[in-house]
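We name chains A, B, ... by the order of the sequence lines, and we start the count at 1 in each one.
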Number of protein chains: 2
Amino acid sequence: MAARISTQKKILNAAEMLFSRDGFEQTSLRQITQEAGVNLASVNYHFGSKKALIQAVMARYLVVFMPVLEEQLQLAEQQSELKTEELFKRFKIPLAKLTEVNKQGPDIFLRLLGFAYSEIQGHLRKYTQQEFGSVLQHLLALLKRANPHLDEQQMFWRLHFILGAAVFAQVSGQALIEIAQSEFNEKVEAQDVIDQLIPFVSGGLEEA
Amino acid sequence: MAARISTQKKILNAAEMLFSRDGFEQTSLRQITQEAGVNLASVNYHFGSKKALIQAVMARYLVVFMPVLEEQLQLAEQQSELKTEELFKRFKIPLAKLTEVNKQGPDIFLRLLGFAYSEIQGHLRKYTQQEFGSVLQHLLALLKRANPHLDEQQMFWRLHFILGAAVFAQVSGQALIEIAQSEFNEKVEAQDVIDQLIPFVSGGLEEA
DNA sequence: GTCTATAGTATGATAGAC
DNA sequence: GTCTATCATACTATAGAC
């Protein structure tokens, strides 16, 4: 017996797969409904619009990720010493938690996040800020404490550079991983990319 | 007397303005021809296709930028000590040279480059590699010499992170600059962003 | 809830008169 | 070289039968 999955879930699953592979704008409702094996019109029936569907796909991950990140930030705060790399390493815990949503959850989420920022998804930014703004504010506060030598402006730009590096790594991720594999004859996992990224962004942020 | 500009140039100028503001895919041939004050069909008459037009827009900058970059790399090579930040600073010279193409040339070029990589423009990558691959190989060789403590894999990933940070800064550039201005009550120029970027990527690349 | 059919809009490209 | 007119195609979204 095939599992009985609601049309809503079928749409979410198909959309997630295609969005994370090709991006939001590059994926049409036709592709999604075909992949999901449901009717074209059902997207608008269940979600109202493509934008709302995008938000729903992201939300499944954000509602898991953000609370765990906040938890980790609070743990970090209790430590006597607050080191940049330590803070970034804490991202690995909420990321790992996403395997509960989907076996490939961490990869998928990071790629979705990449597309969310590289394509200009104003509505997503607004939604994230509204729902999880406090967590992001908390992160910023801790990074400032760990890097008192940076002024506001340096911090502002470097955080955006970090975001850019992370986003780019994920969006170009699969292509890059394949290049890396053929070049180094080693299997490369998405997790390895994170491990490469953390010292890079830490070094960049701390630089005097 | 209005300057007599050829239709080709009118198209190139309008396309450049719109591409650098909105990206390649977000800009339609109809917008371009309207902005240029020429007929819709003339793009295909003069350039053959939208892809070819994109390439022509980029080429105007690349043919100026790349030779000057190569010149700078050769100068760097003659120095006894080869420092990472020194290498990245050398990018400022070929960038500044782009004011000869257009007063806003450096900004425009960096934004175009950003879109070229964030949207997946396979044909552009191929073109750049074909025409200017040797310069990029040279840069890679020097960065390796300046950072002998990094293995191939670390170097590979960090270069892509750097690309991501740079691209993101440019593509989100105008929006970010506006945020920065309102937040810091200071005028921010594109040049300032470069100055912020250089120590960040240098610190990130060198990190042990 | 799910379907077909289609409205309404936008795109890149081209044929053919001038 | 430049124009008008139009083709062929893709998209999101919705109306209305079942």
Listed once per pair and sorted, the salt bridge (charged side-chain N to carboxylate O under 4.0 Å, His left out) pairs that draw on residues 55-68 of chain A, sequence neighbours left out: A/E16-A/R60

Can you name the residues that form a side chain to side chain donor-acceptor pair (under 3.5 Å) with B/Q72, not counting sequence neighbours? B/R90

If you look only at distance, which donor and acceptor atoms sit under 3.5 Å apart when one is on a side chain in residues 158-166 of chain A and the other is two or more places apart or in another chain?
residue, atom, partner, partner atom, Å
A/R158, NH1, A/G204, O, 3.3
A/R158, NH1, A/L205, O, 3.0
A/R158, NH1, A/E207, O, 2.5
A/R158, NH2, A/E207, O, 3.4
A/H160, ND1, A/F156, O, 3.0

For A/I5 and C/dG1, what is the distance between atoms CD1 and P respectively, to the nearest whole Å? 16 Å

Salt bridge (charged side-chain N to carboxylate O under 4.0 Å, His left out) partners of residues 27-53 of chain B, not counting sequence neighbours, each pair once: none

Would you mind reading off the distance between A/L53 atom CG and D/dC11 atom C1', rounded to a whole angstrom? 15 Å

One character per nucleotide, please: for nucleotides 11-18 of chain C, 5' to 3', B when the base has a protein heavy atom closer than 4.0 Å, S when only the sugar-phosphate does, - otherwise. BBBB----

Under 4.0 Å between a side-chain N or O of B/T7 and OP1 or OP2 of D/dT2? yes

Restricting to pairs with a member in residues 95-106 of chain B, which pass salt bridge (charged side-chain N to carboxylate O under 4.0 Å, His left out), not counting sequence neighbours? B/K97-B/E100

